[in-house]
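Shown next, in structure tokens, is the structure this report addresses.
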Amino acid sequence: MKRVALASLGMLLLAGCGTTVEQAPDQPTMYLSMANGGAKLDPQAAASMISLYRQNNGLGPVVVDPALMALAEDQSTAMAKKNKLDHDVKAPLARRLNSGGYPATVAVENVSAGYHTLAEAFSGWRDSPPHRANMLKSGVSKLGIAAIYAPNTKYKVFWTMILAETEKPR
């Protein structure tokens, strides 16, 4: 009887082990390649990454702004359609903000192309003095970011990040 009880207990323990097998965690979204048609950029991960960088440099965080997200996507799409890395491919940033009805009091923009992941784009911007200055712009608290995949272009992925503020400085 003891043998049967021990065998049953052993089977239950083994069965329990089989159901608690953990899968390896997914890769962080900052390393997800945008160079495929199904990839979706994680704007919250981008805001967290930029906010941490800003906080490490004595500045406030940024939050995702839906209107800036749409403006960033429009800019990346326009660059992808023309296969051209250019801030003014559609219009200068101030004009795009105004025509989009965005009431920015301060705004800066980083564009890039060819980086496949958010981590690569961030590193490229961080290592470029003018792009770094934009990420460390004082007085901004809102972010819009986009990565558009264009397989038949030179760069494959076009990035736009807009940082802005809508409040008047105090």
Side-chain angles (χ1 to χ4, degrees), residues 22-80 84-90 92-94 96-98 100-150 153 155-170:
E22 293 183 24
Q23 293 182 359
D26 287 335
Q27 178 172 286
T29 58
M30 73 176 102
Y31 299 117
L32 178 65
S33 177
M34 296 292 109
N36 74 62
K40 295 287 183 204
L41 179 64
D42 181 349
Q44 295 302 328
S48 293
M49 182 183 288
I50 300 300
S51 291
L52 182 59
Y53 183 63
R54 289 174 55 80
Q55 288 169 346
N56 286 340
N57 285 277
L59 297 165
V62 294
V63 296
V64 174
D65 181 289
L68 286 179
M69 291 294 296
L71 289 164
E73 186 167 333
D74 286 348
Q75 174 65 12
S76 286
T77 299
M79 290 189 301
K84 185 176 183 182
L85 175 60
D86 183 1
H87 285 279
D88 299 335
V89 72
K90 262 184 101 165
L93 177 60
R96 286 184 276 125
L97 291 168
N98 287 336
Y102 196 84
T105 56
V106 175
V108 292
E109 175 181 67
N110 284 353
V111 296
S112 61
Y115 297 118
H116 287 194
T117 68
L118 173 59
E120 290 172 359
F122 171 81
S123 293
W125 289 333
R126 184 196 59 216
D127 295 341
S128 161
H131 293 101
R132 180 175 52 250
N134 284 346
M135 290 196 302
L136 298 177
K137 181 72 174 171
S138 179
V140 298
S141 66
K142 300 171 195 306
L143 168 134
I145 189 165
I148 298 296
Y149 175 55
T153 64
Y155 299 108
K156 307 294 184 225
V157 183
F158 292 83
W159 293 85
T160 301
M161 179 177 65
I162 304 170
L163 299 171
E165 184 55 63
T166 56
E167 301 293 321
K168 300 265 186 217
R170 294 177 188 195

Look only at the side chain of [X] and the backbone of [Y], and say whether a donor-acceptor pair between them is shorter than 3.5 Å.
X    : Y    : answer
N57  : L59  : no
E109 : N134 : no
W159 : Y115 : yes
R54  : G60  : yes
S51  : V62  : yes
S128 : G124 : no
S76  : T160 : yes

Roughly how far, to the nearest 0.5 Å, is [atom2] of [Y] from [atom1] of [X]?
X    : Y    : atom1 : atom2 : answer
E73  : F158 : CD    : CZ    : 14.5 Å
L85  : M79  : CG    : CE    : 6.0 Å
S112 : E120 : OG    : CD    : 10.0 Å
I148 : M34  : CD1   : CE    : 10.5 Å
R126 : I50  : CZ    : CD1   : 10.5 Å
R96  : K90  : CZ    : NZ    : 8.0 Å

Minimum heavy-atom distance [X]-[Y], with the two atoms named:
X    : Y    : answer
V64  : P66  : O-CD, 3.9 Å
A147 : L41  : N-CD2, 3.9 Å
A119 : Y31  : CB-CE2, 3.6 Å
T105 : T166 : CG2-O, 3.6 Å
N110 : M135 : ND2-CG, 3.7 Å
A35  : H116 : CB-ND1, 3.5 Å

Please assess R132 against Y53 for the test side chain to side chain contact (heavy atoms under 4.5 Å, CB included), listing each intermediate value before the final yes or no. CA-CA 10 Å; R132 180 175 52 250; Y53 183 63; 3.1 Å; yes
What's the verdict on side chain to side chain contact (heavy atoms under 4.5 Å, CB included) for Q75 and V111, showing C-alpha distance, side-chain angles and the deciding distance? CA-CA 9 Å; Q75 174 65 12; V111 296; 4.2 Å; yes
May I ask you to decide if the ring planes of W125 and H131 are parallel, tilted or perpendicular, using 30° and 60° as cut-offs? parallel
Intermediate values then yes/no, side chain to side chain contact (heavy atoms under 4.5 Å, CB included), Y102 and I162: CA-CA 12 Å; Y102 196 84; I162 304 170; over 6 Å; no
Min side-chain heavy-atom separation L163-V106 under 4.5 Å: no
Does the side chain to side chain contact (heavy atoms under 4.5 Å, CB included) test come out yes or no for I145 and L118, once each step is laid out? CA-CA 10 Å; I145 189 165; L118 173 59; 4.0 Å; yes
